[in-house]
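What's counted below: heavy atoms across the whole structure, side chains too, no hydrogens, waters or symmetry copies. The shown structure was predicted, so the numbers you read here are calculated from the model rather than taken from an experiment. Chain letters run A, B, ... following the sequence lines, proteins first, then strands; residues in each count from 1.
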Number of protein chains: 2
Amino acid sequence: MLYAVFMSSTLPPFPASQGPAAKTPVMVEFGAGDADGPCLRADAARNRARLLDAAARLVAEHGAAAVTMEAVAAAAQVGKGTVFRRFGDRTGLLTALLDHSEKKFQASFLSGPPPLGPGAPAVERLRAFGCAALRRADADLELQLAAEPCPDRRFVVPARRVRHGHVVLLLRQAVPGADAELLAQTLMGYLEPALIHHLTRQCHMPMERLQAGWRDLVARLTRT
Amino acid sequence: MLYAVFMSSTLPPFPASQGPAAKTPVMVEFGAGDADGPCLRADAARNRARLLDAAARLVAEHGAAAVTMEAVAAAAQVGKGTVFRRFGDRTGLLTALLDHSEKKFQASFLSGPPPLGPGAPAVERLRAFGCAALRRADADLELQLAAEPCPDRRFVVPARRVRHGHVVLLLRQAVPGADAELLAQTLMGYLEPALIHHLTRQCHMPMERLQAGWRDLVARLTRT
DNA sequence: CAACGATACGGACCAAGGTCCGTTTAATTT
DNA sequence: AAATTAAACGGACCTTGGTCCGTATCGTTG
């Protein structure tokens, strides 16, 4: 798969910008090791696990807003600096928390059974993709909202690039003549957590309406 | 005009959550006074002007990132608390900075000459609206990015509601059978400052492509 | 197993947004 | 003009994200 490199959103955050630019940061090696970050040192791995565990507990017990970097550090019995070294920033930590389910989702549309995975016609996959994405977003909306990065990073987030790439691919098949890039961005916009939150929680729209909206959207956009 | 109440995005921010809920906050009175905030006390008005002036100067000279609440307060020779009382928060201040041009834009599509204003067929107005919005966004992207509120307020911002309402109206005319609400959200998503920033500044797409994309989008969505 | 270099650790420190509340001042009433 | 009151003022203070760097630890090499 061409964009498999993007799958893990918890690579190394970026080797901590410590000291001036004279530290030869060893450049992140993609694809090393297995699922999680490429072979951390023993203590680092242990702390990472403790931190994620503590963060998850905080979310479960007091909501995403309670996930303060200091609170997490304290709950994991670890120094604050450690949290930042491991996850870069708050967004990174929250994203790591979402990583597992996001990867499952990715797997399902990259290589799962049709109509989501390969095997079904592009338009049908597109339909299924949106509905699945909506369901997934609805599941842990609060966390996804809290994990949203600042505006100028939002489109560079690995998870988003994977989804985007997928939609572009499907669109190119489904509607060859069009500007797939832009069409894909439009479709992705419909799946934005902030929008879903607004529509479902603030406007009280039922999920079915959003899904119908997505199907209609796909229909209109792919109509030749 | 039905949604004229939303036009000024610099009403009173919200009477500062001072003290417990026993202060009878007098409820914001819409539509009082003229353009700017409804008849402030003399000193308040003076300070407001000074603050906006100082903020604008800071943006011009050192970019939006330099617009620190303390920096603005200092530059305007005013206490920090004053800045917050007047504008609520950083987003409020930045939004106030954008208010003037936003109102001009609103006027142009609410009551300006066709094809933007009333008089042209809905689809045509929709096309014109997007292209104008794209141009406007491109003008002071940095500021608009910096003014973006947290995810769960993004859709409640007055300026956004005006635009949204307008698009819904046009869509209802142009494509009667559809779910105009959702279609409008989709279209609005294409005009999101963050997206425009990504496409033009990070992907180096020319503005013309974005505009063509918009026209295509409108064409597809309004096709019966 | 001792020495060593790379990596991780921790918490003091900084910056900036946001709140609080005692004091001052503009407007209104008598 | 004095008294009164609602509103505005200012800056100390709190919280939280993020940085820095001296110290401790891991894992490897001789």
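The B:Val78 side chain lies nearest to D:dG10 when the options are C:dG18, D:dG10, C:dG10. Side-chain proximity of A:Arg85 to the nucleotides C:dC9, D:dA8, C:dG18 is greatest for C:dC9. Distance from the side chain of A:Arg41 is smallest for C:dT7 among the nucleotides C:dT7, C:dA27, D:dT19. Side-chain proximity of B:Asn47 to C:dA27, D:dG18, D:dG10: nearest is D:dG10. Set against D:dG18, D:dG11, D:dA8, the side chain of B:Lys80 has D:dG11 as its closest nucleotide.
Side-chain N/O atoms of B:Thr82 include none lying less than 4.0 angstrom from OP1 or OP2 on D:dA8.
One can place CZ of A:Arg50 at 10 Å from P of C:dC9, the figure rounded to the nearest angstrom. Taking atom CZ on B:Phe84 and atom P on D:dA8, their separation rounds to 17 Å, with Å as the unit. One can place CZ of B:Arg48 at 19 Å from P of C:dA26, the figure rounded to the nearest angstrom. Between B:Asp89 atom CG and C:dT19 atom C1' there is a gap of 13 Å when expressed in whole angstrom units. Spacing between atom CD of A:Glu70 and atom C1' of D:dG17 amounts to 9 Å, rounded to whole angstrom units.
Side-chain rings of A:Phe129 and A:Phe105 approach one another, their centers coming within less than 6.0 Å.
B:Glu61 CD: more than 12 foreign heavy atoms inside a 6.0 Å radius.
Using modelled atom types, one finds no donor on one side chain facing an acceptor on the other under 3.5 Å when comparing A:His197 with A:Glu192.
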